[in-house]
Amino acid sequence: MATSTGSHPRSDVKMAAAGGLTVFAAVMLFISGSLDFCRGLSAVLRDKVFLTTPDYVYEWDLTGWGWTHMVLGAIAVAVSLGLFVAMKWARVIGVIIAGLMIIANFLSIPYHPLWSLTLIAMDGFIIWALCVVRRDTLF
């Protein structure tokens, strides 16, 4: 029989699930950030590759969108490395960065529709994986 010192004993299954979801989020954030960085790099180097939509409400220079995606992607990769080593700050910043990446990909749907929707879905799974784990099962 397990004894408790003022808190509930942690289940090995709960700890494994929490760790698994964190690793899942770290891998997905690394992939999503890398893809977003590459997408931004292609927009900066060769913006003729992207589809242009006339009279788009959120129209912005593709080079500006490229730099936005590159910065968000680089931060996402750095945060994913923090998640791999189980840093607590990385969970919060990971949710924030994934949310910002969703917004950036939503606003760039007319330039690359299928790719934007794919990254939005990936970032949604990242947010879910980082938020679903209860605090008492962490670390």
Side-chain angles (χ1 to χ4, degrees):
M1 182 171 166
T3 59
S4 176
T5 59
S7 65
H8 299 288
R10 295 182 181 174
S11 166
D12 289 339
V13 174
K14 287 182 182 179
M15 294 297 290
L21 283 174
T22 302
V23 170
F24 170 79
V27 169
M28 292 294 283
L29 191 60
F30 185 85
I31 292 170
S32 180
S34 298
L35 294 175
D36 223 24
F37 182 85
C38 291
R39 176 187 187 181
L41 188 62
S42 67
V44 168
L45 297 178
R46 255 183 134 181
D47 61 353
K48 302 282 189 241
V49 174
F50 290 90
L51 171 74
T52 57
T53 303
D55 301 326
Y56 179 49
V57 175
Y58 302 110
E59 186 175 355
W60 196 23
D61 180 40
L62 283 177
T63 304
W65 277 121
W67 280 106
T68 301
H69 285 284
M70 284 176 59
V71 168
L72 286 174
I75 293 171
V77 168
V79 171
S80 73
L81 297 176
L83 286 170
F84 278 120
V85 294
M87 303 301 283
K88 290 183 182 181
W89 59 266
R91 298 180 71 78
V92 174
I93 296 176
V95 171
I96 293 168
I97 290 298
L100 290 174
M101 288 171 63
I102 286 175
I103 293 168
N105 283 305
F106 173 77
L107 293 175
S108 62
I109 284 175
Y111 302 115
H112 218 271
L114 186 60
W115 192 247
S116 294
L117 294 174
T118 302
L119 288 177
I120 287 170
M122 284 178 70
D123 294 329
F125 280 120
I126 291 165
I127 292 172
W128 171 79
L130 291 175
C131 291
V132 74
V133 180
R134 293 188 347 225
R135 277 186 183 251
D136 61 345
T137 60
L138 292 175
F139 310 108

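- Here side chain to side chain donor-acceptor pair (under 3.5 Å) pairs that include residues 122-131, with residues two or more places apart or in two chains, are Ser32-Asp123.
- Within 6.0 Å of CZ on Phe84 lie more than 12 heavy atoms contributed by other residues, nucleotides or ligands.
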Phe37 and Val77: CA distance, side-chain angles, deciding distance, side chain to side chain contact (heavy atoms under 4.5 Å, CB included) verdict: CA-CA 9 Å; Phe37 182 85; Val77 168; 6.0 Å; no
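- The shortest non-hydrogen separation linking Gly66 to Ala43 is CA-CB, 3.7 Å.
- Put simply, the side chain of Asp36 reaches to within 4.5 Å of the side chain of Asn105, judged on heavy atoms.
- In this structure, the separation between NE2 on His69 and SG on Cys38 is 12.5 Å, given to the nearest 0.5 Å.
- No side-chain heavy atom of Met28 sits under 4.5 Å from any side-chain heavy atom of Ser80.
- By the criterion of side-chain heavy atoms lying less than 4.5 angstrom apart, applied directly or through intervening Ile, Leu, Val, Met, Phe, Trp or Tyr residues, Leu114 is not grouped with Phe106; the two fall into different hydrophobic clusters.
- Taking CG of Leu72 as the reference point, atom CG of Leu119 lies at 11.5 Å (rounded to 0.5 Å).
- Of the listed residues (Thr22, Val27, Ile126), just one forms a side-chain contact (heavy atoms from CB on, under 4.5 Å) with Leu83, and that residue is Thr22.
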Met122/Ile102 under side chain to side chain contact (heavy atoms under 4.5 Å, CB included): CA gap, chis, key distance, verdict: CA-CA 9 Å; Met122 284 178 70; Ile102 286 175; over 6 Å; no
Does the side chain to side chain contact (heavy atoms under 4.5 Å, CB included) test come out yes or no for Arg39 and Trp115, once each step is laid out? CA-CA 9 Å; Arg39 176 187 187 181; Trp115 192 247; 3.7 Å; yes
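- Side-chain atoms of Ile31 and Leu35, non-hydrogen and from C-beta on, do get closer than 4.5 Å to each other.
- Cluster membership for Phe24 and Val85, using ILVMFWY side-chain heavy atoms within less than 4.5 angstrom, is shared.
- Using a 4.5 Å cut-off on side-chain heavy atoms (C-beta onward), Ile120 and Ile109 make contact.
- The side-chain heavy atoms of Leu107 and Trp65, taken from C-beta on, include a pair separated by under 4.5 Å.
- What you find for Ile97 and Ala76 is that their closest heavy atoms are CG2-CB, 3.8 Å.
- Summarising the geometry of Ala129 relative to Leu21, their closest heavy-atom pair is CB-O, 3.7 Å, with the distance given to 0.1 Å.
- Taking both residues in full, the closest heavy atoms of Ser116 and Ser108 are given as OG-O, 3.4 Å, listed atom of the first, atom of the second, then distance.
- Nearest approach of Leu130 to Ala25, heavy atoms of both residues: CD2-CB, 3.5 Å.
- Rounding to the nearest 0.5 angstrom, the gap separating the CE atom in Met101 from the CD1 atom in Ile127 is 10.0 Å.
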